[in-house]
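Working notes for the structure below.
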Amino acid sequence: MQGTAIAFSPTVSLSANPRKLSVHRCNPLSHSPPQRHRLSNGSALLPSSRKFAPISCSLKRTGWICGPNPATTVPESDGFVVRATTEGDGAAETAKSKFTNTLVLGTLFGLWYLFNIYFNIYNKQANMYFNENLVLKAFHYPMTVTLVQFAVGTVLVTLMWTLNLYKRPKISGAQLALILPLAVVHTLGNLFTNMSLGKVAVSFTHTIKAMEPFFSVVLSAMFLGEFPTLWVVSSLLPIVGGVALASMTEASFNWAGFWSAMASNLTNQSRNVLSKKFMVKKEESLDNITLFSIITIMSFFLMAPAAIFFEGVKFTPSYLQAAGVNINQLYTRSLIAALCFHAYQQVSYMILQRVSPVTHSVGNCVKRVVVIVTSVLFFRTPVSPINSLGTGIALAGVFLYSRVKRIKPKPKTA
């Protein structure tokens, strides 16, 4: 910054008593050399090159009159000039952040699929057991199997809240009353899934469960007044047709397993519809992970008396030993299935918080394909070409449904 030069050049001539005033010139103000300041982000803060115009003062009859010298032209500046010395840092940090988010999301999708594969494999094995003659037989206690899964989930949720791994919510009685219907249909949905897995092949159960979009559309129209577009209805046709074709050619088909899987579709989609219908107030809304944790605990308390009343206590070592069951094997498989059951649903909600519902739906469709193919290879399930074709058509319809859901109907103009 340069100093301000002040030049006093008064020369006043008075008619009555002429007198000359001496001229006083002030030397420019001396300043210390400009200093360079540096911001926290590495940018250099330099003083501007603004120059101040010399000021001329003259003595008039009315007194001293001061102002800038009009003959001097000085460029103007807005003040300090900031010059960035690290221009590429912002772009590098943005690229690094995108890569990290993509890596985390990809890891979550991988865990979602992995936990789901292990859940279906070990859950199927938990519903079956080898007797003393090494003959694979069904463990006809789906309520007990479901109770164990909810019990393990309840323990995990309690540990998560106790160790402050996730904030423990404060729930009011009104909120619990709203969550109770969700917990009921959640309990029934998992119970019917276990019943189906005990009766038919894993691949066939998941082929039937591909009809979830059909039930979602029907229930949304009935209870929410959300009527589907023509595109959505068109996407349901291959789903229904593919499931019908796969069912007619399924080697392990039986009506108990079929209707159990269909009932699972109905109850699971009822849970989604009820969550939209009742959990609408902001002050009563909960995040997905907290809601799932509370539903898990409530489902355990709903399932416990029903399982004991209808099936009795069938998981005691003495009973299993008398039935000729490998106790350690059954306990291990049941525990792993329960851990994977809770883990894959938690990860699913974590993914849903990061992506759109449409992306989550597409990922769920791919997950079903992975589970079907893996279970067929693991259990060596006999699959005919027509059966494979029906399954493929149904899954293609699910994928199409997830895409056309993005198409919103045009608003009607008057």
Side-chain angles (χ1 to χ4, degrees), residues 112 115-116 119-120 122-123 126-127 139 141-162 165-166 168-198 205 209 212 215 219 260-279 284-315 334-350 352:
W112 187 24
F115 287 140
N116 208 288
F119 163 71
N120 282 277
Y122 282 101
N123 196 37
N127 281 278
F139 186 78
Y141 303 106
M143 288 187 173
T144 302
V145 173
T146 307
L147 176 62
V148 171
Q149 294 171 0
F150 288 139
V152 173
T154 301
V155 172
L156 293 177
V157 171
T158 304
L159 290 175
M160 180 178 68
W161 288 345
T162 304
L165 299 178
Y166 203 84
R168 182 172 59 184
K170 295 181 179 179
I171 307 298
S172 63
Q175 287 177 309
L176 290 177
L178 291 175
I179 298 174
L180 180 59
L182 304 180
V184 171
V185 293
H186 179 75
T187 304
L188 293 175
N190 287 278
L191 172 61
F192 288 133
T193 300
N194 286 329
M195 291 174 63
S196 179
L197 288 173
T205 298
K209 286 176 70 65
E212 284 182 349
F215 288 92
L219 292 174
S260 296
M262 294 292 281
S264 174
N265 289 334
L266 177 62
T267 51
N268 285 333
Q269 295 310 306
S270 298
R271 177 189 60 193
N272 298 337
V273 172
L274 288 173
S275 63
K276 291 181 181 180
K277 187 175 180 64
F278 294 115
M279 304 297 290
E284 295 177 349
S285 61
L286 302 170
D287 64 90
N288 289 329
I289 295 178
T290 300
L291 180 61
F292 172 69
S293 300
I294 297 173
I295 287 176
T296 299
I297 296 175
M298 296 179 72
S299 296
F300 168 73
F301 286 104
L302 289 172
M303 195 74 248
I308 295 174
F309 179 79
F310 288 103
E311 296 182 351
V313 182
K314 304 299 184 182
F315 247 69
S334 299
L335 179 60
I336 294 176
L339 290 173
C340 291
F341 167 77
H342 189 80
Y344 92 76
Q345 298 211 42
Q346 284 280 17
V347 173
S348 175
Y349 284 122
M350 293 171 66
L352 189 57

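Just so you know, these numbers use all the heavy atoms, side chains as well, and skip hydrogens, waters and symmetry mates.
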Practice problem: Determine the minimum heavy-atom distance between Leu178 and Pro181, stating which atoms define it. | Solution: O-CD, 3.2 Å

Quiz item: If only atom types and distance count, is the side chain of Asn116 paired as donor or acceptor with the main-chain N or O of Trp112 below 3.5 Å?
Solution: no

Self-check item: Separation of Ile294 CD1 from Leu180 CG (nearest 0.5 Å)
Solution: 12.5 Å

Quiz prompt | Closest approach of Lys209 to Glu212 (non-hydrogen atoms, all atoms of both residues) | solution = O-CG, 3.1 Å

Exercise. Check for a donor-acceptor pair, side chain of Gln269 on one end and backbone N or O of Phe215 on the other, with a separation under 3.5 Å.
Key: no

Practice problem: Quick one: closest heavy-atom pair of Val185 and Leu182, and the distance? | Solution: CG2-O, 3.2 Å

Quiz item: Taking C-beta and beyond as the side chain, do Leu191 and Pro142 meet within less than 4.5 Å on heavy atoms?
Solution: yes

Quiz item: Between Asn268 and Gly189, which heavy-atom pair has the shortest distance, and what is it?
Solution: OD1-CA, 3.6 Å

Self-check item: CG-CZ distance between Leu147 and Phe301, expressed to the nearest 0.5 angstrom
Solution: 11.0 Å

Quiz item: If you measure from CD1 on Ile171 to CD1 on Ile179, what distance do you get to the nearest 0.5 Å?
Solution: 5.5 Å

Exercise. Would you please name every residue forming a side-chain hydrogen bond (donor to acceptor under 3.5 Å, both in side chains) with Asn265, sequence neighbours left out?
Key: none

Quiz item: What pairs with Gln345 under side-chain hydrogen bond (donor to acceptor under 3.5 Å, both in side chains), at least two apart in sequence or on another chain?
Solution: none

Quiz item: Would you call Leu266 and Leu219 a side-chain contact if the rule is heavy atoms closer than 4.5 Å?
Solution: yes

Exercise. Output the distance between atom CE (Met298) and atom CD1 (Ile295), rounded to the nearest 0.5 Å.
Key: 8.0 Å

Quiz item: For Ser260, which residues count as a side chain to side chain contact (heavy atoms under 4.5 Å, CB included) partner, sequence neighbours excluded?
Solution: Met195, Ser196

Quiz item: Are Phe150 and His342 close enough that their ring centers fall under 6.0 Å?
Solution: no

Quiz item: Looking at CG of Asn123 and CG of Asn194, how far apart are the two atoms once the value is rounded to the nearest 0.5 Å?
Solution: 4.5 Å

Quiz item: Any side-chain heavy atom of Phe292 within less than 4.5 Å of one from Ser348?
Solution: no

Self-check item: With sequence neighbours excluded, residues passing side-chain hydrogen bond (donor to acceptor under 3.5 Å, both in side chains) with Tyr349
Solution: none

Quiz item: Do any pairs count as a side-chain hydrogen bond (donor to acceptor under 3.5 Å, both in side chains) and have a residue in residues 289-302, sequence neighbours left out, and if so which ones?
Solution: Thr187-Ser299, Asp287-Thr290

Self-check item: Contacts of type side chain to side chain contact (heavy atoms under 4.5 Å, CB included), residue Phe309, not counting sequence neighbours
Solution: none

Quiz prompt | Where Thr193 and Ser264 come nearest, the two heavy atoms and their spacing | solution = OG1-OG, 2.7 Å

Quiz item: Which atoms form the tightest heavy-atom contact between Thr144 and Glu311, and what is the distance?
Solution: OG1-OE1, 2.7 Å

Quiz item: Residues two or more places apart in sequence or in another chain: which of them pass side chain to side chain contact (heavy atoms under 4.5 Å, CB included) with Leu335?
Solution: Val152, Leu339

Practice problem: Mind checking side-chain hydrogen bond (donor to acceptor under 3.5 Å, both in side chains) for Asn190 and listing every partner two or more places apart, or none if nothing turns up? | Solution: His186

Quiz item: Excluding sequence neighbours, so at least two apart, what forms ring-ring contact (aromatic ring centres under 6.0 Å, His included) with Tyr344?
Solution: Phe119

Exercise. Name all residues meeting the side chain to side chain contact (heavy atoms under 4.5 Å, CB included) criterion together with Thr162; count only those two or more places apart in sequence or in a different chain, and write none if there are none.
Key: Thr158

Quiz prompt | CE-CG distance between Met303 and Leu188, expressed to the nearest 0.5 angstrom | solution = 8.0 Å

